[in-house]
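Please read the structure below before turning to the comments.
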There are 2 protein chains.
Amino acid sequence: MKISTRTRYGVRAMIEIARGEPDRGVFQKEIAINQSLSLKYLDHIIHALKTARLISNAKGKKSGYILTRKPSEITVFDIHRAFEPGICLVDCLSGTYKCDLSHGCMARGFWGELNNLILSYFRSVTLDDLMNRRVNLEDGLLSEDLKREEAQ
Amino acid sequence: MKISTRTRYGVRAMIEIARGEPDRGVFQKEIAINQSLSLKYLDHIIHALKTARLISNAKGKKSGYILTRKPSEITVFDIHRAFEPGICLVDCLSGTYKCDLSHGCMARGFWGELNNLILSYFRSVTLDDLMNRRVNLEDGLLSEDLKREEAQ
DNA sequence: CTTTGTCCTACTATTCTTATAGGATTAATA
DNA sequence: TATTAATCCTATAAGAATAGTAGGACAAAG
């Protein structure tokens, strides 16, 4: 279970664009340098974000990118959706999937709940929250928990 | 972001073993049939579960498997850990990783929180909960949300 | 008319997952 | 004791997905 780098880079690119001066757009090259990303790979990321209508060109093709909405109106879910069709941790959660466990799978509900958990989280955090670090509050707990993980 | 089939199968295998009669163990073949899994692939799953000391042979090698602990004392986290070293959605959350973003990455905390969220969830649900479907309560919400997902 | 940045397609390399194969070992049992 | 059935263990292959590179077309600014 990993977050894809395209989604991760996408979030970072969006933050970078959001941080840009209000009077001008942000160039791909600027994002690449500030976020230490390959210019060529970032190309794909930007393309996806644009297709998802989260960003647009500031003025013509040579004036960088700006957000199409306010940072407070763009959630991580929106960004994620630019790269993945949706959140589906387990195939059997999608409607089309046909499972042959007739007597009812006891695990399905569990995964569905987790799916909801992640979905809610993605929907609840905006680009504005990220920039103001409103999600870093429990950083202490985080490192503590992860250390315990790694110790194993 | 997908849950690996080995973890999924592992959970289902554990449920199957937990459901076994108290006086005898459950055979691999039984699990394979009841859960529609390949006997050979299940072989690996069982092996991992055994290495993690979650299951053991009932009596000698030919009497199937039993749980080493009560279902209420085995969490999904325990099962997951039998297959993956831990939960780490993003490499930069691990201590050893060196990131070159000197000015502090604004996304890291966000992913860390999600990591914690999943970790807590895994730790909070036991095999006993799964068997008694205590996680299926919000099934309605689940399907509703997923349908909205798929509609996009 | 050159440079710079965006746009777009194709391709490759690598990694990971999922599985299968084949056989060794052990224990019950006929 | 020979047979069967189950576990145990290693190797490997097939496949998909991801991450990243390459190359160039196009548009606009200087």
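Below, chain A is the first sequence line, B the second, and so on; all start at residue 1.
- Positionally, the nearest nucleotide of DNA chain D for B:K40 lies more toward the 5' end than for the other of B:K40 and A:Y9.
- Evaluated for a side chain to side chain contact (heavy atoms under 4.5 Å, CB included) with B:I74, the options B:D128, B:I79, B:L130 yield exactly one hit, B:I79.
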Practice task
Step by step, work out the side-chain contact (heavy atoms from CB on, under 4.5 Å) result for B:L67 and B:M14.
Solution key: CA-CA 8 Å; B:L67 301 180; B:M14 287 294 282; 3.7 Å; yes
Exercise for the section: Just do the side-chain contact (heavy atoms from CB on, under 4.5 Å) check on B:F83 and B:L49 with the steps written out, would you? Expected result: CA-CA 8 Å; B:F83 303 99; B:L49 291 173; 3.8 Å; yes
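- Sorted by residue number, the members of residues 42-52 of chain A with any non-hydrogen atom under 4.0 Å from DNA chain C read A:D43, A:H44, A:H47, A:K50.
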Exercise for the section: Please report the C-alpha distance between A:I17 and A:L54 in whole Å, then the side-chain angles of each, then the deciding distance to 0.1 Å, and finally whether the side-chain contact (heavy atoms from CB on, under 4.5 Å) criterion is met. Expected result: CA-CA 11 Å; A:I17 293 168; A:L54 293 176; over 6 Å; no
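- Two residues are said to be in side-chain contact when any heavy atoms from C-beta on lie closer than 4.5 Å; A:N34 and A:R19 fail this criterion.
- A heavy atom lying under 4.0 Å from DNA chain D marks the following residues of residues 54-67 of chain B, by number: B:N57, B:K61, B:K62, B:Y65.
- Without hydrogens or angle criteria, B:R8 side chain to A:V90 main chain gives no donor-acceptor distance under 3.5 Å.
- Scanning DNA chain C 5' to 3' for nucleotides with an atom closer than 4.0 angstrom to a non-hydrogen atom of chain A gives a first and last hit of C:dT4 to C:dA10.
- Here B:Y65 pairs with nothing under the ring-ring contact (aromatic ring centres under 6.0 Å, His included) rule; sequence neighbours left out.
- With respect to the salt-bridge test (charged N to carboxylate O, under 4.0 angstrom), the residues B:E73 and B:K70 qualify.
- If you measure from atom CG of A:L37 to atom C1' of D:dT21, you get 15 Å, rounded to the nearest angstrom.
- Remark: B:K61 engages no residue in a salt bridge (charged side-chain N to carboxylate O under 4.0 Å, His left out) (not counting sequence neighbours).
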Using the 3.5 Å cut-off, write out each protein N or O paired with an N or O of nucleotides 16-18 of chain D and the distance between them.
unit_1 : atom_1 : unit_2 : atom_2 : d
D:dT18 : OP1    : A:R6   : NH2    : 3.3
D:dT18 : OP2    : A:R6   : NH2    : 3.2

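- Within 6.0 Å of NZ in B:K2 there are more than 12 heavy atoms belonging to other residues, nucleotides or ligands.
- Looking only at distances, a side-chain donor or acceptor of B:D129 sits under 3.5 Å from a matching main-chain atom of B:T126.
- Of all the heavy atoms in A:T68 and A:I55, the pair that sits closest is CG2-C, 3.7 Å.
- Although no hydrogens or angles enter the test, the distance criterion places no donor-acceptor pair under 3.5 Å between the side chain of A:S63 and the main chain of A:A58.
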